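Following: one structure in structure tokens, then a few remarks.
Values reported hereafter were calculated over all heavy atoms of this structure, with side chains retained and with hydrogens, waters and symmetry mates removed. Below, chain A is the first sequence line, B the second, and so on; all start at residue 1. Being a predicted model, the structure only gives us computed values, none of them experimental.
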There are 2 protein chains.
Amino acid sequence: MLEVATLAGVSVKTVSNVVNHYVHVSTATRVRVQSALDELGYRPNLSARSLRGGQSGLIALALPELDFPYFAELARYIVQAAEAHGWTVLIDQTDGRAEREKLVMDGIRDQLIDGVIFSPLVTGARELAARRDTTPMVLLGERVHHGTMDHVGIDNVAAAQTVVAHLATLGHTRIAAIGEQRHRRGETARLRLQGYLAGLENAGLPFDPTLVMAAASYHRADGAAAMTELLALGDPPDAVFCFNDMLAIGALRTLRDRGVRVPEDVAVVGFDDIEESSYSAPGLTTIRPDKARIASTSIALLAARLDGGGGPSRDVTERFDLVVRRSTASPS
Amino acid sequence: MLEVATLAGVSVKTVSNVVNHYVHVSTATRVRVQSALDELGYRPNLSARSLRGGQSGLIALALPELDFPYFAELARYIVQAAEAHGWTVLIDQTDGRAEREKLVMDGIRDQLIDGVIFSPLVTGARELAARRDTTPMVLLGERVHHGTMDHVGIDNVAAAQTVVAHLATLGHTRIAAIGEQRHRRGETARLRLQGYLAGLENAGLPFDPTLVMAAASYHRADGAAAMTELLALGDPPDAVFCFNDMLAIGALRTLRDRGVRVPEDVAVVGFDDIEESSYSAPGLTTIRPDKARIASTSIALLAARLDGGGGPSRDVTERFDLVVRRSTASPS
DNA sequence: CTCGTTCTTTACATCGTTGTAAATTGCGTG
DNA sequence: CACGCAATTTACAACGATGTAAAGAACGAG
């Protein structure tokens with residue numbers, strides 16, 4: 001900036017004024033400075049701006065796994081929504097490891113980041129409540145914390161109930177569930193299981209604990225393994241509700257390998273509506289959370305905090321839809 | 001830092017020395033300063049560090065699309081490799097738009113970023129050569145530019161030849177290709193097509209232009225559409241080489257819907273080996289680039305540049321493998 | 001011609017950190 | 001007890017930008 005000032009024959013502050021479109025700069029000076037800027041190819045130093053002004057234009061998005069299609073799709077929407085605010089998104093992959101998530105809580109890139117959108121996997125209410133870092137944070141996923149942070153999610157219980165109601169209406173009576181998690185802290189599994197149970201009750205169906213399969217994580221391989229176990233049961237299910245699409249795709253794979261027909265012999269439902277699910281064999285019936293809205297709401301909440309907004313924490317529940325594809329039908 | 005210094009009764013510089021593990025600090029002072037640091041919960045300001053020292057610990061990864069599984073998987077490896085260097089990765093999604101890619105070339109977050117790993121889609125040799133920004137950059141994908149920037153990729157021509165050789169060995173004679181791009185500048189399509197042609201020639205198979213289908217982009221829907229057109233031919237192919245796995249998965253979907261058996265009636269091959277391809281129906285034969293090595297090499301090249309390495313640009317070609325799954329077999 | 005007003009431009013300090021070089025302390029030696 | 005040397009600590013400046021406040025310029029009115 002000093003070089004530009006020298007070339008234009010003005011002070012650095014005047015250059016700064018031109019760069020920042022300050023009103024009271026004579027047209028003559030403005031033109032002279034501008035051409036000096038262009039000639040030297042001036043680029044502002046963001047570190048300096050950030051140091052001086054306190055804002056960097058950077059927000060962090062902390063997710064468990066980038067190659068988890070649901071998160072990849074969500075990340076895309078968030079990057080787009082952030083762009084509209086002139087923010088750049090720094091993506092942090094936690095791998096669902098407690099130590100990485102703790103790092104996110106404590107501030108990944110301290111005072112370089114204006115705000116954080118965080119999708120916790122193992123971090124619980126206690127850790128969230130104990131957070132000391134003051135960077136504005138918006139939480140995604142299940143609402144584990146009823147405290148000071150903003151939160152965006154969907155009604156998991158209602159969604160799971162919707163799935164079971166759909167299957168029950170079609171005439172299924174032995175509806176299995178894949179995705180229970182006994183040892184993890186994640187609330188997702190608990191809420192979806194709760195909705196599953198409520199759905200059975202609403203439909204007047206008995207609850208059979210042997211039909212609930214645990215999943216160590218929510219990858220395709222876990223779904224395939226769980227489905228194998230279900231098929232080994234003396235009295236196998238006629239429908240399976242998988243707690244996410246990846247599990248369901250794994251389950252479909254197992255069924256295909258075993259020659260079990262979907263949906264004739266077993267109906268399958270997923271959760272998330274990743275793009276892959278509309279190309280699976282057969283197309284997967286699933287719950288579609290409104291990812292675009294989840295993204296834009298998260299950004300809007302963060303923007304409100306950054307614009308000096310204090311106030312109580314806000315909790316937004318976005319809509320979801322049941323997308324019916326070929327993987328569900330009445331039992332034959 | 002000033003507060004810490006006051007509390008510990010030393011100068012700011014001594015605090016800085018403790019924070020940076022400078023050797024010549026007496027144990028007594030070190031302990032005193034450390035407890036002051038802990039008590040006040042001191043966190044260094046990265047903007048200031050970056051301003052002063054010139055390095056931010058941030059590198060950018062510019063990719064076309066995050067929800068493209070190949071890029072999501074690659075991003076994951078890169079984030080992991082970067083972590084080992086203590087770098088945080090800032091992910092920039094270009095959507096393959098020229099204007100976004102230009103922004104990457106000109107410096108996304110100027111002087112805040114130590115280096116860039118860039119996977120261009122539409123940026124050509126000319127633009128790359130005209131780059132003025134001096135941030136170290138490593139290019140991924142096809143080598144469009146033979147100039148000053150480091151590059152990591154695989155041998156696309158050889159890989160495509162391998163695919164065609166595999167199909168020809170199985171006994172296929174009418175091998176189609178999906179993924180040609182006439183209007184885009186992307187080199188990927190051109191190189192893979194070149195390998196396809198070379199493969200046909202090696203196998204002594206005639207080249208039939210009607211078997212080469214263009215794809216506007218490389219999404220599942222494009223593959224499905226192209227496959228539909230191929231099936232409408234008077235003399236349809238007995239094998240299809242798709243230039244990436246997403247196209248192949250779309251093609252599989254069309255074939256399934258039309259009741260065409262894979263691999264009995266038509267064999268299908270993809271490119272990239274995304275995880276989804278081992279769960280498709282049937283499992284997809286594909287080319288597996290060594291993503292982990294591409295990632296670690298990119299990071300290593302960047303590290304070399306940042307450690308003051310000038311010198312000529314380096315071009316690294318990583319290995320690939322042909323993964324044979326159920327989607328290919330001898331024609332029945 | 002002087003004064004007040006508005007418009008432009010500028011000097012200075014500051015954000016938090018760290019390199020440089022100088023000041024201070026401590027200690028062993030002659 | 002003075003001296004030299006090493007260990008320890010410090011003051012100062014600088015990284016690049018911008019808010020504050022004040023200085024300088026221009027202009028019309030009396």
Would you kindly give the [atom1]-to-[atom2] distance between [X] and [N], to the nearest whole Å?
{"X": "B:R30", "N": "D:dT8", "atom1": "CZ", "atom2": "P", "answer": "9 Å"}
{"X": "A:K13", "N": "D:dT18", "atom1": "NZ", "atom2": "P", "answer": "8 Å"}
{"X": "A:R52", "N": "D:dC15", "atom1": "CZ", "atom2": "P", "answer": "17 Å"}
{"X": "A:H24", "N": "C:dT5", "atom1": "NE2", "atom2": "P", "answer": "17 Å"}
{"X": "A:R43", "N": "D:dA17", "atom1": "CZ", "atom2": "C1'", "answer": "16 Å"}
{"X": "B:N17", "N": "D:dT8", "atom1": "CG", "atom2": "P", "answer": "12 Å"}
{"X": "B:H21", "N": "C:dT18", "atom1": "NE2", "atom2": "C1'", "answer": "15 Å"}
{"X": "A:N45", "N": "C:dC15", "atom1": "CG", "atom2": "P", "answer": "18 Å"}

When all nucleic acid strands are considered with a 4.0 Å heavy-atom cut-off, which category describes A:V19: base, sugar-phosphate, or nothing?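 If one applies the 4.0 Å heavy-atom cut-off, A:V19 turns out to touch nothing in the nucleic acid.
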Any pair counted as ring-ring contact (aromatic ring centres under 6.0 Å, His included), so long as it reaches residues 29-58 of chain A, sequence neighbours left out: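 Residue pairs passing ring-ring contact (aromatic ring centres under 6.0 Å, His included), neighbours aside: none found.
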Give a yes/no on whether any side-chain N or O of [X] is located under 4.0 angstrom from OP1 or OP2 of [N].
{"X": "B:Y22", "N": "C:dT17", "answer": "no"}
{"X": "A:R49", "N": "D:dG16", "answer": "no"}
{"X": "A:S26", "N": "C:dT9", "answer": "yes"}
{"X": "A:S47", "N": "D:dG16", "answer": "no"}
{"X": "B:T14", "N": "D:dT10", "answer": "yes"}
{"X": "A:N20", "N": "D:dT18", "answer": "yes"}

With respect to the side chain of [X], which nucleotide from [options] is positioned closest?
{"X": "B:S11", "options": "C:dA11, D:dA17, D:dT10", "result": "D:dT10"}
{"X": "B:L51", "options": "C:dG16, C:dT18, D:dT18", "result": "C:dG16"}
{"X": "A:T29", "options": "D:dG16, D:dT9, C:dT9", "result": "C:dT9"}
{"X": "B:S16", "options": "C:dT18, C:dT17, C:dT10", "result": "C:dT18"}

Where is the tightest heavy-atom contact between A:I59 and A:I113, given as atom of each residue plus distance?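 Closest approach of A:I59 to A:I113: CA-CG2, 4.3 Å.
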If you take all heavy atoms of A:L140 and A:I294, which pair is closest and at what distance?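 Looking at all heavy atoms of both residues, the closest pair is CD2-CG2, 4.1 Å.
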Enter the distance from A:D315:CG to A:H151:NE2 here, rounded to the nearest 0.5 Å.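 The distance works out to 5.5 Å.
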Report yes if some heavy atom in the side chain of B:S16 is under 4.5 Å from a heavy atom in the side chain of B:M1; otherwise report no.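 Side chain of B:S16 against side chain of B:M1, heavy atoms only: contact under 4.5 Å found.
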